[in-house]
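Heads up: the structure comes next, in structure tokens.
In this text the structure is predicted, and so the values were computed from the model without any measurement. The figures that follow rest on heavy atoms only: side chains count, while hydrogens, waters and symmetry mates do not.
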Amino acid sequence: MKPWLVIRKQVPLLAHRPLMTQMIRREVAARYRGSVLGIFWSLITPLLMLSVYTFIFGTVFRARGWAGVGEAQTTTSFALILFAGLIPFSLFSEVIARAPQLVVSKRNYVKKVVFPLETLAVISMGAALVQAGVSFAVLALFLVVSTGGLPPTALLLPLVLLPFVVLTLGLAWVLAALGVYLRDIGQLLPPLLSAAMFLSAIFYPLSALPSYAQTLLLWLNPLVFPIDEIRKVLIFGMGPNWPGLALYALVSLAVAILGYAFFQKTRKGFADVL
């Protein structure tokens with residue numbers, strides 16, 4: 001038997017790959033259907049938010065101090081650093097904010113025994129990754145224009161991003177299941193995500209915090225480590241923290257496995273609740 005078929009048999013989720021691919025395409029297309037600019041909104045929205053945040057934090061509050069930039073940091077370099085932090089946060093917030101409604105909004109799918117509900121979180125993640133991919137492409141273009149090219153470490157970006165995607169997917173499975181039974185979760189997430197944005201070292205360097213605060217954020221906020229590592233490989237041309245990345249990957253895999261198991265365990269009661 002071919003290795004791919006063995007893996008596909010052991011990981012049921014992979015058996016639904018054609019379905020997930022088709023639904024991701026449909027969701028991305030539906031997002032911009034009927035708008036004049038269409039998919040160009042995926043470029044306009046992040047650039048607009050980047051301009052606002054750069055003006056507020058880079059010009060008004062004059063946030064500075066990233067390692068590798070020093071006192072010569074300009075508004076342009078600050079904007080690039082800020083954008084590199086906003087992209088993973090936008091990916092995380094989009095998937096997590098939608099997670100509690102994934103199953104609730106698809107009541108007709110719950111009644112269909114043949115439909116794999118566990119794919120809903122993957123489809124949501126896939127659509128968010130399309131947006132993130134466009135944003136990373138824009139960031140890469142700006143880096144080439146402003147600095148003359150990308151650092152060689154930029155090739156490590158997928159390796160740094162993958163554990164973060166896996167962890168976010170695990171959390172999405174948990175929230176999608178809980179959202180069926182506890183509708184208040186959908187109301188609780190927006191303020192938590194807003195707090196996470198300001199506690200993820202997006203607008204300031206992690207080194208600006210006291211050592212105890214740095215440790216707390218690294219352990220308690222799943223956004224801090226990947227944002228810092230993405231900036232290292234993409235902006236500063238530094239290699240990732242390999243031991244930290246290995247540990248983060250192990251934790252992410254554990255969260256994804258437990259999240260998937262939790263979703264499959266609790267889905268038995270979805271039809272009764274809905």
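Residue Leu129 holds its CG atom at 9.0 Å from OG1 of Thr168, rounded to the nearest 0.5 Å. Phe92 contributes atom CZ, which lies 9.0 Å from atom CE of Met125 (distance to the nearest 0.5 angstrom). Between the CD1 atom of Ile123 and the CZ atom of Arg26 there is a distance of 9.0 Å, given to the nearest 0.5 Å. To the nearest 0.5 angstrom, Leu189 atom CG is 10.0 Å from Gln101 atom CD. Summarising the geometry, atom OG1 belonging to Thr119 is positioned 7.0 Å from atom CG belonging to Leu117; distances are rounded to the nearest 0.5 Å.
No side-chain heavy atom of Val224 sits less than 4.5 Å from a side-chain heavy atom of Trp219. Looking at heavy atoms from C-beta onward, His16 lies in side-chain contact with Glu118 at the 4.5 angstrom threshold. Considering only heavy atoms from C-beta on, Leu217 stays 4.5 Å or farther from Phe225 through its side chain. Side-chain contact between Phe236 and Thr153 is absent, with no heavy-atom pair separated by less than 4.5 Å. The shortest distance between side-chain heavy atoms of Leu155 and Leu150 does not fall below 4.5 Å. Residues Leu19 and Pro116 are in side-chain contact: their nearest non-hydrogen atoms beyond the backbone lie under 4.5 Å apart. Between Gln131 and Leu91, the closest side-chain pair of non-hydrogen atoms is not below 4.5 Å.
Within the 3.5 Å criterion, the main-chain N or O of Ile81 finds a donor-acceptor partner in the side chain of Arg231. Looking only at distances, a side-chain donor or acceptor of Thr147 sits under 3.5 Å from a matching main-chain atom of Gly149. Under a 3.5 Å cut-off, the side chain of Trp173 and the backbone N or O of Ala256 do not form any donor-acceptor pair. Of the possible polar contacts, one joining the Tyr248 side chain to the Pro222 backbone as a donor-acceptor pair under 3.5 Å is found. The main-chain N or O of Asn241 is found under 3.5 Å from a side-chain atom of Glu229 such that the two form a donor-acceptor pair. Remark: side-chain polar atoms of Tyr181 are paired, donor with acceptor, to backbone N or O of Thr266 under 3.5 angstrom. Side-chain atoms of Asp228 do not come within 3.5 Å of backbone N or O of Leu206 as any donor-acceptor pair.
Ring centers of Phe142 and Phe83: at least 6.0 Å apart, outside the cut-off.
Residues Trp242 and Val233 share a hydrophobic cluster, clusters being chains of Ile/Leu/Val/Met/Phe/Trp/Tyr side chains in contact below 4.5 Å. When the side chains of ILVMFWY residues are joined at heavy-atom separations under 4.5 Å, either directly or via intervening members, Leu159 and Leu161 end up in a single hydrophobic cluster. Criterion: ILVMFWY side-chain heavy atoms under 4.5 Å apart, direct or through other members. Under it, Leu247 and Leu220 are not part of a common hydrophobic cluster. Hydrophobic clustering of Ile, Leu, Val, Met, Phe, Trp and Tyr side chains at less than 4.5 Å, counting indirect connections, unites Leu182 with Val174. Hydrophobic clustering of Ile, Leu, Val, Met, Phe, Trp and Tyr side chains at less than 4.5 Å, counting indirect connections, keeps Leu156 apart from Val166.
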| query | Passes ring pair (Phe, Tyr, Trp, His ring centres under 6.0 Å), Phe263 versus Phe270? Steps please. | reply | CA-CA 10 Å; Phe263 184 90; Phe270 290 173; 5.5 Å; yes

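Between the side chains of Arg267 and Gln264, at least one donor N or O lies within less than 3.5 Å of an accepting N or O.
Contact detail for Ile185 and Pro100: the closest heavy-atom pair is CG2-CG, 3.8 Å.
The environment of Arg183 atom CZ is dense: over 12 non-hydrogen atoms of other residues, nucleotides or ligands sit within 6.0 angstrom.
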